[in-house]
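Okay, structure first, notes after.
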Protein chains: 2
Amino acid sequence: MSLHGESEVLLTPAEVASLFRVDPKTVTRWAKAGKLSSIRTLGGHRRYKESEVRALLGAASEDATPDK
Amino acid sequence: MSLHGESEVLLTPAEVASLFRVDPKTVTRWAKAGKLSSIRTLGGHRRYKESEVRALLGAASEDATPDK
DNA sequence: TAGTAATTGGGTAATTAGGGAT
DNA sequence: TGTGTCCTAATTACCCAATTAC
């Protein structure tokens, strides 16, 4: 493992909000509620792991079977 | 700030309902019935794929077969 | 250093989910 | 069978001003 570690891609609140089609502030609430892990910048702004976000997005609960 | 890769454009229940001229509750029923796939926010609200909605809207079939 | 966009808080409206009766 | 409506609780969206990112 390098010093840089695994290149963990981080997303901004606006990017996560765009993916879920919600308000950025809603993403903040998810982080506060512990539903989504967040990393803090030194200034206090939140960043989110892309892998985690993608995983949650992929968990599209569908009643129907896509059949594909 | 383009995120890489494919990102689905999602629609809110109200938007889908407006497009179909139905009550949002009806859209929810379609999702529960498996007629429409849905993605859930972490709070449980549904989001719908625009591409799928557009496809359904464009699938204007008629009672009288337009011989095509 | 300055300038613009984004994020952070709180507060308060607006939507949505879910069940049930029609 | 399908849709619109009523109800309550939960979730989300928009408002502001101050701080942070780049």
Side-chain angles (χ1 to χ4, degrees):
Chain A
M1 336 191 186
S2 70
L3 190 66
H4 304 105
E6 266 312 309
S7 46
E8 187 67 62
V9 179
L10 298 179
L11 300 178
T12 64
E15 289 170 337
V16 177
S18 177
L19 289 172
F20 277 96
R21 189 54 165 82
V22 294
D23 194 90
K25 184 158 290 188
T26 296
V27 180
T28 297
R29 293 197 202 91
W30 293 345
K32 284 186 178 179
K35 297 178 179 176
L36 184 63
S37 62
S38 63
I39 296 174
R40 292 280 198 150
T41 67
L42 299 186
H45 287 196
R46 296 183 181 85
R47 297 285 113 99
Y48 305 92
K49 298 178 184 177
E50 183 191 31
S51 58
E52 185 178 2
V53 172
R54 294 288 183 186
L56 290 172
L57 270 174
S61 51
E62 302 179 5
D63 296 322
T65 307
D67 246 15
K68 291 202 51 184
Chain B
M1 78 135 161
S2 66
L3 344 169
H4 60 71
E6 77 291 344
S7 52
E8 272 285 355
V9 178
L10 302 178
L11 298 177
T12 64
E15 290 170 338
V16 177
S18 178
L19 288 172
F20 278 99
R21 295 295 302 274
V22 295
D23 194 272
K25 188 96 174 189
T26 296
V27 179
T28 297
R29 290 197 186 100
W30 293 345
K32 292 180 70 175
K35 298 178 179 177
L36 186 61
S37 62
S38 64
I39 294 177
R40 297 282 199 138
T41 68
L42 299 191
H45 285 201
R46 295 183 181 87
R47 296 284 113 102
Y48 304 93
K49 298 178 184 177
E50 183 190 35
S51 58
E52 185 177 1
V53 172
R54 294 293 180 189
L56 291 171
L57 280 171
S61 61
E62 319 211 342
D63 295 333
T65 308
D67 68 57
K68 192 148 192 304

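In the text below, chain A, chain B and the rest are named by the order of the sequence lines, each starting its count at 1.
For D/dT11, the OP1/OP2 oxygens have no side-chain nitrogen or oxygen of A/T26 closer than 4.0 Å. Under 4.0 angstrom from either OP1 or OP2 of C/dT8 there lies at least one side-chain N or O belonging to A/T28. For A/T12, a side-chain nitrogen or oxygen approaches OP1 or OP2 of C/dT7 to under 4.0 Å. Look at B/W30 and you'll find a side-chain N or O under 4.0 angstrom from OP1 or OP2 of D/dT3. The side chain of B/K32 places no N or O atom within less than 4.0 Å of a non-bridging phosphate oxygen (OP1 or OP2) of D/dT3.
Rounded to an integer number of Å, the gap from NE2 of A/H45 to C1' of C/dG9 is 10 Å. Taking atom CZ on B/R47 and atom P on C/dA17, their separation rounds to 8 Å, with Å as the unit. Protein atom CG of A/L10 is 13 Å distant from nucleotide atom P of C/dT7, rounded to whole Å. Counting to the nearest Å, the P atom of C/dA6 and the CD atom of A/E15 are 11 Å from each other. In this structure, B/R40 atom CZ and C/dG18 atom C1' are separated by 10 Å, rounded to whole Å. As a whole-Å value, the separation of B/Y48 OH from C/dT15 C1' is 12 Å. One can place CG of B/D23 at 12 Å from C1' of C/dT15, the figure rounded to the nearest angstrom. Atom CG of B/L42 is separated from atom P of D/dA13 by 12 Å (rounded to the nearest Å).
For the pair A/V22 and B/R29, both in contact range of DNA chain D, the more 5′-proximal nearest nucleotide belongs to B/R29. Mapping B/P13 and A/K25 onto DNA chain C via the closest heavy atom, the residue that lands nearer the 5' end is A/K25.
Comparing D/dC14, D/dT11, D/dT5 by their nearest atom to the side chain of B/T41 picks out D/dT11. For B/R46, whose side chain is taken as the heavy atoms from C-beta onward, the closest listed nucleotide among C/dG18, D/dA21, D/dT12 is C/dG18. Side-chain proximity of A/A14 to the nucleotides C/dT7, C/dG11, D/dT11 is greatest for C/dT7.
With hydrogens and angles disregarded, a donor-acceptor distance shorter than 3.5 Å links the side chain of B/E15 to the backbone of B/T12.
A/P24 and A/A14 get closest at one heavy-atom pair: CG-CA, 4.4 Å.
Counting non-hydrogen atoms of neighbouring residues, nucleotides and ligands closer than 6.0 angstrom, the CZ atom of B/R21 reaches no more than 12 such neighbours.
Using modelled atom types, one finds a donor on one side chain and an acceptor on the other under 3.5 Å when comparing A/R29 with A/T26.
Partners of B/T41 according to the side chain to side chain contact (heavy atoms under 4.5 Å, CB included) rule, which considers only residues two or more places apart in sequence or in another chain, are A/V22, A/W30, B/H45, B/R47.
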